[in-house]
Amino acid sequence: MAAPSLGPQLKAGPRRILHVDVDAMFVQCAVLADPERLGGVDLILVGGSPSGRGVVTSASYGCRAYGVRSAMPTATALRLCPDATVVKVPGEMVRTKSRALASSIADWSPVAAMASVDEAYIDLTGTEGLHRNEPLVETARRIQRDLKERTGLDVSIGGAANRLVAKMATSFAKPAGVYVVAPGEEEAFVASLQPEDLIGVGPALLASLRRRGIVDMTSLRALDVETMAAWWGPDRARWLWRRCRGIDEGPIRGREGAKSISSETTFPRDVSDLGELERLLLGRVVSVAGSLRRQGYYARTITVKLRYADFRDRSRSRTLVDSVQSDRVIFSVARELLGDLRRHNERPVRLIGVSLTGLSDSPEPEQQSLIALVPPRENARDRALSAAVDRIRDKHGRVIAPGSVLADQRRSREGDG
DNA sequence: TCTGGGGTCCTAGGACCC
DNA sequence: TCTGGGGTCCTAGGACCC
């Protein structure tokens, strides 16, 4: 009596990994959110920003035919494609569809995980028996139809024996297609690409390659790991050597809890005045601390970032002994960090951001010590006040800064004058 | 035509402890 | 008195991805 094959524990054959990527997710979601206005519209740009210095978040395939790309300034995109309809990021629909996608892929394998809002990996290794031993490409097509039925979204699917190659295969599947790299063909597949097609090779590494005369995959793959180590250090060398051969043994795993929560904004015009920067900083603090509490976290490290007109970023951070989550304490620390940054540089600023790291789900410090008495300390009243503000904000949908925070700021401003 | 906002991961130096 | 490494944490900056 033949038991169904359980695959890997009996025989270490190639893994069967699929990478699922929603085609122009934000465009599809915008249409689903407003079918009356956008149904049947071919030229859609998602993007822009309140600052008027926005870029394209996502472009419909119609727009892409005009040369429009993600991250391109919206003004440039409109010059290339003047008839495009520009819409805002459909945040709520994106979250809804991302959740729907996550629950749908989970039905196809116990080893399935979202990699971002619009991407997922499914490890089908060992499920051959469940799928009548059909080729991986057939299973991928059935998954594609299932996801369309259950979420309304068109997806493209890449397949291979590992995550890295599956993801690169997906670009050959777009839009709404399936592309599977046969087992054993991973290296040949990668060899047919360009260095900039490799995941993790961005503008900086590409420029470094070019400077050294490495202009194509053949010359990259001809390098030995010692030469690469002399250029970029041993870790990066090993990483790139394996990457340009399609080698990746990493498992499919979900992302555990968040590691950081941040909020930043680019101003319509550059700002130099400290008082105005503090007011704008408060807006970011209220936003990021609200996200922190909504997600049930406390943070130990607070970072303030400024971007200057020359696009250079400067940041200051501080790690507290306690984990905190109230607007008051986070703002008081952020304000000092901003003051420190401005003491060193008073040039005009185009962006301000606050990021929270060292996240935990409890306010308790890991170990008590005497320095835990160093301010700023967050008390029960701070937390209750912030929670009350959250409730009011949820109810009225307005951004409200707690009075004590504003009073703190007013007092110190008067003190400055 | 100047270049968003949300993240993750890595590096490197200094402090500090064992 | 001089001389160690290893490990971990913190800070600042940067590359990269969607």
Side-chain angles (χ1 to χ4, degrees), chain A residues 19 21-27 29 45-59 67-82 88-89 91 94-95 98 114-120 164 167-168 170-171 196-208 232-236 238-240 243 250 255-268 270 284 287-288 291 295 300-321 337 340-341 344 350-359 366-367 371:
Chain A
H19 175 250
D21 195 312
V22 182
D23 300 329
M25 168 94 159
F26 286 35
V27 171
C29 286
L45 286 180
V46 179
S49 87
S51 71
R53 294 165 134 177
V55 300
V56 173
T57 299
S58 182
V68 174
R69 296 288 177 268
S70 289
M72 177 182 277
T74 307
T76 310
L78 283 173
R79 194 168 46 79
L80 293 170
C81 184
K88 282 190 285 193
V89 171
V94 169
R95 279 187 290 275
S98 192
M114 297 298 288
S116 71
V117 284
D118 67 344
E119 276 182 296
L164 173 68
K167 183 178 168 79
M168 292 190 292
T170 303
S171 46
E196 60 264 39
D197 298 327
L198 297 174
I199 310 297
V201 175
L205 184 51
L206 198 62
S208 174
W232 303 298
D235 292 349
R236 194 134 190 82
R238 266 193 299 274
W239 173 86
L240 186 56
R243 190 136 290 213
R255 295 183 302 169
E256 296 102 40
K259 299 217 165 37
S260 73
I261 298 177
S262 66
S263 176
E264 61 185 47
T265 190
T266 297
F267 314 135
D270 296 353
R284 288 315 91 205
S287 159
V288 77
S291 301
Q295 295 177 55
R300 271 192 71 210
T301 303
I302 297 160
T303 303
V304 171
K305 172 171 98 178
L306 298 180
R307 177 169 296 157
Y308 292 98
D310 63 2
F311 253 69
R312 283 259 261 271
D313 293 346
R314 287 293 171 263
S315 66
R316 283 288 178 278
S317 67
R318 187 186 301 166
T319 299
L320 308 175
V321 173
L337 295 170
D340 194 28
L341 280 163
H344 295 99
R350 64 175 286 135
L351 168 149
I352 194 165
V354 177
S355 130
L356 304 175
T357 53
L359 305 183
E366 303 204 342
Q367 70 246 13
I371 50 169

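Each chain gets a letter, A, B and so on, in the order its sequence line appears, and its residues count up from 1.
Regarding R255(A), its CZ atom lies at a distance of 10 Å from the P atom of dG7(B), rounded to whole Å. Here the P atom of nucleotide dC10(B) and the CG atom of L240(A) are 15 Å apart, to the nearest Å. Atom CD1 of I352(A) and atom P of dG4(B) are 16 Å apart (whole Å). Taking atom CZ of R53(A) as the reference point, atom P of dC2(B) lies 10 Å away to the nearest angstrom. Computed from coordinates, the E264(A) CD to dG7(B) C1' distance equals 10 Å when rounded to whole Å. Put simply, CZ on R307(A) is 9 Å from C1' on dT3(B), counting in whole angstrom units. The nearest whole Å value for the distance from the CZ atom in R79(A) to the P atom in dT1(B) is 4 Å.
Take R350(A) and apply the salt bridge (charged side-chain N to carboxylate O under 4.0 Å, His left out) test, not counting sequence neighbours, and it matches no residue.
Side-chain polar atoms of S262(A) and S355(A) form no donor-acceptor pair below 3.5 angstrom. Side-chain atoms of D313(A) and S315(A) form no donor-acceptor pair, as typed in the model, at a separation below 3.5 Å.
Residue whose closest nucleotide on DNA chain B sits further toward the 5' end, between I261(A) and V55(A): V55(A).
In the set dG6(B), dT1(B), dG5(B), dG5(B) carries the atom at the smallest distance from any side-chain atom of T265(A).
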Item to complete: Apply the test side chain to side chain contact (heavy atoms under 4.5 Å, CB included) to residues V354(A) and L337(A): give CA-CA distance (whole Å), side-chain angles for both, the deciding distance (0.1 Å), then the verdict.
Response: CA-CA 10 Å; V354(A) 177; L337(A) 295 170; over 6 Å; no

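Listed pair R350(A) / dC2(B) fails the phosphate criterion, with no side-chain N or O lying under 4.0 Å from OP1 or OP2.
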Discussion item. How would you summarise protein contacts on nucleotides 11-18 of chain C per nucleotide, using B for base, S for sugar-phosphate only and - for none, with heavy-atom distances below 4.0 Å?
Written reply: SSSSSSSS

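Using a 4.0 Å heavy-atom distance criterion, S263(A) is classed as a sugar-phosphate-only contact. Among the protein residues, A71(A) comes within range of the nucleic acid bases, having at least one heavy atom under 4.0 Å from a base atom.
Under the Watson-Crick or G-U wobble criterion, with both distances below 3.5 Å, dG7(B) is paired with dC16(C).
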